[in-house]
Amino acid sequence: MKKIITTDKAPAPIGPYNQAVLSGNTLYTSGQIAINPETGELVLGDIASETKQVMENMKAVLEAAEMTFENVIKTSIFISDMHNFSQINEVYATYFDDATAPARETVEVANLPKFVNVEISMIAVK
């Protein structure tokens, strides 16, 4: 059985999908981009600010499922330019403890929704 997870503290879906789905004890999140949920505007000042907004959106989705970053077991990071990897990684690292950080892949892609520079999705377990 699956439970749909939604919160107004993260951007609303813009298509036929949900922010996250809880199946048993496992949470599967949709990818988050740097949309400020209060204004609906993109946060694109610099890659660090963009990444921080993505992670804050993801934090809100995790909280809606009564989880934290400690519950995350896998992340997928999609970036438009691998040259931004180190700056994205610096922000991303502030949300995890190195000793218990999740598994992860980072993939450079041609384009992302709304032509943002970074999108992140996660899998978490209670």
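Heads up: numbering here begins at 1 and tracks the sequence.
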Going by the rule ring-ring contact (aromatic ring centres under 6.0 Å, His included), which residues pair with F69 if we only count those two or more places apart in sequence or in a different chain? Y95, F96
Tell me every residue that passes side chain to side chain contact (heavy atoms under 4.5 Å, CB included) with [X], counting only those two or more places apart in sequence or in another chain.
X   : answer
T39 : N36, E41
E66 : K126
A93 : none
P11 : Q32, I35, P37, N57

Can you measure from OG (S30) to CD (Q19) and round to the nearest 0.5 angstrom? 8.0 Å
Pairwise distance OG1(T100) to CD(E70) - rounded to 0.5 angstrom: 4.0 Å
side-chain contact (heavy atoms from CB on, under 4.5 Å) assessment of V116 paired with L44: CA-CA 8 Å; V116 297; L44 298 174; 4.3 Å; yes
Does any pair with a residue in residues 14-42 pass ring-ring contact (aromatic ring centres under 6.0 Å, His included), and if so which ones, sequence neighbours excluded? none
Please, which pairs that meet ring-ring contact (aromatic ring centres under 6.0 Å, His included) have at least one residue in residues 32-58, sequence neighbours excluded?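 Sorted pair list comes back empty.
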Would you please name every residue forming a side-chain hydrogen bond (donor to acceptor under 3.5 Å, both in side chains) with N117, sequence neighbours left out? E50, S80
side-chain hydrogen bond (donor to acceptor under 3.5 Å, both in side chains) partners of T6, counting only residues at least two apart: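 Counting only residues at least two positions away or on another chain, T6 forms no side-chain hydrogen bond (donor to acceptor under 3.5 Å, both in side chains).
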Once salt bridge (charged side-chain N to carboxylate O under 4.0 Å, His left out) is applied, what residue pairs with a partner in residues 3-18 remain, sequence neighbours excluded? none
Residue pairs, two or more places apart or on separate chains, that pass salt bridge (charged side-chain N to carboxylate O under 4.0 Å, His left out) and touch residues 96-117: K74-E105
Do [X] and [Y] land in one hydrophobic cluster if side-chain heavy atoms of ILVMFWY residues count as linked below 4.5 Å?
X   : Y    : answer
V61 : V118 : no
V43 : I79  : no
I77 : M82  : yes
I47 : V91  : yes
M58 : I123 : no

Between N71 and L62, is there a side-chain heavy-atom distance shorter than 4.5 Å? no
Would you mind telling me which of T106, V109, I33 makes a side chain to side chain contact (heavy atoms under 4.5 Å, CB included) with F78?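 Only one of T106, V109, I33 forms a side chain to side chain contact (heavy atoms under 4.5 Å, CB included) with F78, namely V109.
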Walk me through it: do T51 and Q87 pass the test side-chain contact (heavy atoms from CB on, under 4.5 Å)? CA-CA 9 Å; T51 305; Q87 292 170 291; over 6 Å; no
Can L22 and M67 be said to form a side-chain contact (heavy atoms from CB on, under 4.5 Å), step by step? CA-CA 11 Å; L22 185 65; M67 295 189 194; 3.9 Å; yes
Return the set of residues passing salt bridge (charged side-chain N to carboxylate O under 4.0 Å, His left out) with E38 (not counting sequence neighbours), or none when no residue passes. none
Evaluate V21 against I5 for side-chain contact (heavy atoms from CB on, under 4.5 Å), listing each step before the verdict. CA-CA 6 Å; V21 175; I5 303 297; over 6 Å; no
